[in-house]
Colleague: 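Next up is a structure, given as structure tokens.
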Amino acid sequence: MDALIGQLEDVEPDNILKSAEEFKNDKSDVKVNLSIGVCCDENGQLHIFKSVLEAEKLVQQRYKEKPYLLSNGTKEFSLLTQKLIFGENSKYVMEKKICTVQAIGGTGAIFIALQLFKRLHIHEICVTNRPYINHVNMITSYGFKVKYISFFEDKLVNINYDAFLYDLRNLEDGSVVMLQVSCYNPCSTNMEEIYFDQIADIVCKKKHVIVFDVAYQGFGSPNLNDDVSLIRKFEERGISFVVCQSFSKNMSLYGERAGALHIICKSKEERKIMANNLRIIIRKFYSSPTIHTNRIVCQLLENEKLKSEWINDLRELSERVHKNRVLFFEKMEFYQKKYDLNYDWSVYKKQSGIFSFVPLFAGIYDKLKEHHIYIIDNGRINVSGITARNVDYVAEKACLCLAVE
Ligand code: PLP
């Protein structure tokens, strides 16, 4: 083994992991971590949902033994998680067209989907420019080619819909495209409803396969359903697609690895074949998903009282994060005067999710580190990590760094 290990070449962690490590090693008292992809409370600690804690308590009282689950999870988990994405009155749910498996977080769902695409001899997967970096890591490391399509335009600080729709229209028929419906990571945008019909028209005509990565449901709008309205539009139009669902952020279950993969099939018969294929993929990789996670998610979603508490908490949390964002950019407006800067920060106040995406900050990423402020090198900051205690410090130093750039 020594000889084998000796052959290993060192590899760089991705920018998110790298920044997390640098933050950990920084001994300063004033250090601020805005690179991390978790939702913080007003003290900068991991947010906790009381409803999720209560669900876990009930699980611990009710169950003692921890048997293996089947590779796909449980019927109950599938149905409860489907309803969050597709709604209570979903035709796809009622017609049993959705093949669902419990996954090891959203990342696990993406992994299973990619393995399925391997079986289906797909060679290339499209991501939007300004992609979620782990999509690219996963796509390339599993041997697919990655293709970038137009999406976010830095100058607009928004999606360039003309360019996006043009590229979607001009992709080869049947292309596989990864998209996020709301709180796009890192772009921090929601796709606008006025474009949904055009997107659905192109996808129908070109028979593209859309993989929706839903990692921030509940953070983009006050109503959970609104965050997945493009998916509901696809259902209305009878389109078949894939959803990778994560509960890491919206249930604060990061380490429990809570997620699901949903694939729309034409019929119950096709769904059975799909389920057998997914089970084989899972069996060969990690055999079966985690039972404790399954039970917490089921307990939370089947208990009407806990579910509505969770939805209310989630709404309050996302409102608080939004207020943080507004406060931070108001402070930027204030401190920039001190440094004779004249940027328009109002555009960023409209962003959504736990991040803000400020391409300008990419240029001061290294300088911010000298002030013990950690962000992602593309300019993404975690606004949930902004607190009353650090907001002035971060805004003042960001303006200082921009002034000396
Ligand atoms: N997809 C997107 C867009 C994300 O931002 C994240 C997490 O940051 C994930 C997937 C991964 O989710 P999980 O932690 O559940 O694996």
Side-chain angles (χ1 to χ4, degrees), residues 13-20 33-40 46-47 49 52 73 77 81 84-85 101-115 125-139 141-142 146 151-152 159 177-191 210-220 227-228 230-231 242-262 282 285-286 289-290 292-294 296-297 318 321 351-357 375-376 378 380-385:
D14 73 29
N15 54 7
I16 300 175
L17 291 180
K18 197 166 150 205
S19 185
N33 188 359
L34 302 181
S35 66
I36 190 162
V38 302
C39 193
C40 305
L46 208 63
H47 176 84
F49 291 97
V52 177
F77 182 95
T81 56
L84 282 180
I85 298 284
V101 293
Q102 184 185 337
I104 306 294
T107 310
I110 298 165
F111 170 85
I112 301 165
L114 291 177
Q115 300 312 310
I125 303 209
C126 306
V127 296
T128 54
N129 72 342
R130 302 300 193 167
Y132 168 51
I133 197 62
N134 214 26
H135 284 165
V136 178
N137 294 341
M138 292 174 84
I139 290 168
S141 67
Y142 301 141
V146 62
F151 190 71
F152 190 85
I159 301 165
V177 186
M178 310 269 312
L179 287 180
Q180 299 172 52
V181 278
S182 68
C183 314
Y184 218 105
N185 181 6
C187 311
S188 309
T189 47
N190 291 348
M191 285 217 235
I210 304 296
V211 180
F212 289 110
D213 183 359
V214 184
Y216 300 92
Q217 189 177 8
F219 285 98
D227 273 357
V228 286
L230 179 58
I231 295 179
V242 175
V243 178
C244 299
Q245 182 181 24
S246 164
F247 300 110
S248 296
K249 272 90 181 171
N250 64 7
M251 293 186 187
S252 199
L253 282 175
Y254 304 92
E256 289 290 350
R257 313 308 295 126
L261 172 69
H262 310 279
I282 294 166
F285 183 51
Y286 55 83
T290 50
H292 190 59
T293 312
N294 175 297
I296 298 171
V297 173
S318 73
V321 174
Q351 293 190 323
S352 71
I354 67 171
F355 306 116
S356 265
F357 186 50
I375 66 167
I376 301 293
N378 60 10
R380 190 194 81 176
I381 59 168
N382 181 339
V383 279
S384 81

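In this text the structure is predicted, and so the values were computed from the model without any measurement. Index from 1, following the sequence. Both counts, for ligands and for their atoms, begin at 1 and track the order of listing.
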Colleague: So is G106 polar-close to ligand 1, meaning N/O to N/O under 3.5 Å?
Modeller: yes
Colleague: Given D213, which partner from the list H135, Q245, Q180 fulfils the side chain to side chain donor-acceptor pair (under 3.5 Å) test?
Modeller: H135
Colleague: Would you check if the side chain of S19 reaches a backbone N or O of L17 as a donor-acceptor pair within less than 3.5 Å?
Modeller: no
Colleague: So which protein heavy atom does atom 8 (O) of ligand 1 come closest to, and at what separation?
Modeller: K249 NZ, 2.6 Å
Colleague: Go through ligand 1 atom by atom and flag the ones less than 4.0 Å from a non-hydrogen atom of G105.
Modeller: 15 (O), 16 (O)
Colleague: Quick one: does Y216 get a heavy atom under 4.0 Å from ligand 1?
Modeller: yes
Colleague: So, does S246 use its side chain to make a donor-acceptor pair with the main chain of G259 at under 3.5 Å?
Modeller: no
Colleague: Which residue supplies the protein heavy atom nearest to atom 6 (C) of ligand 1, what is that atom called, and how far is it?
Modeller: Y132 OH, 3.3 Å
Colleague: Given 3.5 Å as the limit, does a donor-acceptor pair link the side chain of N382 with the main chain of F355, or not?
Modeller: no
Colleague: Ignoring hydrogens and geometry, is there a side-chain-to-backbone donor-acceptor pair from T293 to E256 under 3.5 Å?
Modeller: yes
Colleague: So, the side chain of D227 versus the backbone of G220: is there a donor-acceptor pair under 3.5 Å, distance only?
Modeller: yes
Colleague: Give me the residue, atom name and distance of the protein heavy atom closest to atom 2 (C) of ligand 1.
Modeller: D213 OD2, 3.4 Å
Colleague: Out of all atoms in ligand 1, which are within 4.0 Å of some heavy atom of R257? Include the element for each.
Modeller: 13 (P), 14 (O), 15 (O), 16 (O)
Colleague: Is the side chain of N129 donor-acceptor paired with the backbone N or O of F152 at a distance under 3.5 Å, no angle test?
Modeller: yes
Colleague: Short list, please: which atoms of ligand 1 are under 4.0 Å from a heavy atom of Q180?
Modeller: 3 (C)
Colleague: Hey, can you tell me if Y184 and F151 have their rings parallel, tilted or perpendicular (30° and 60° cut-offs)?
Modeller: tilted
Colleague: Hey, does S248 come in under 3.5 Å of ligand 1, counting only N/O atoms on both sides?
Modeller: yes
Colleague: So which heavy atom in the protein is nearest atom 16 (O) of ligand 1, and how far is it from that ligand atom?
Modeller: T107 OG1, 2.5 Å
Colleague: State the atoms of ligand 1, each with its element, that fall below the 4.0 Å cut-off from a heavy-atom position in A215.
Modeller: 1 (N), 2 (C), 4 (C)
Colleague: How far is atom 12 (O) of ligand 1 from its nearest protein heavy atom, and which residue and atom name does that atom have?
Modeller: S246 OG, 3.5 Å
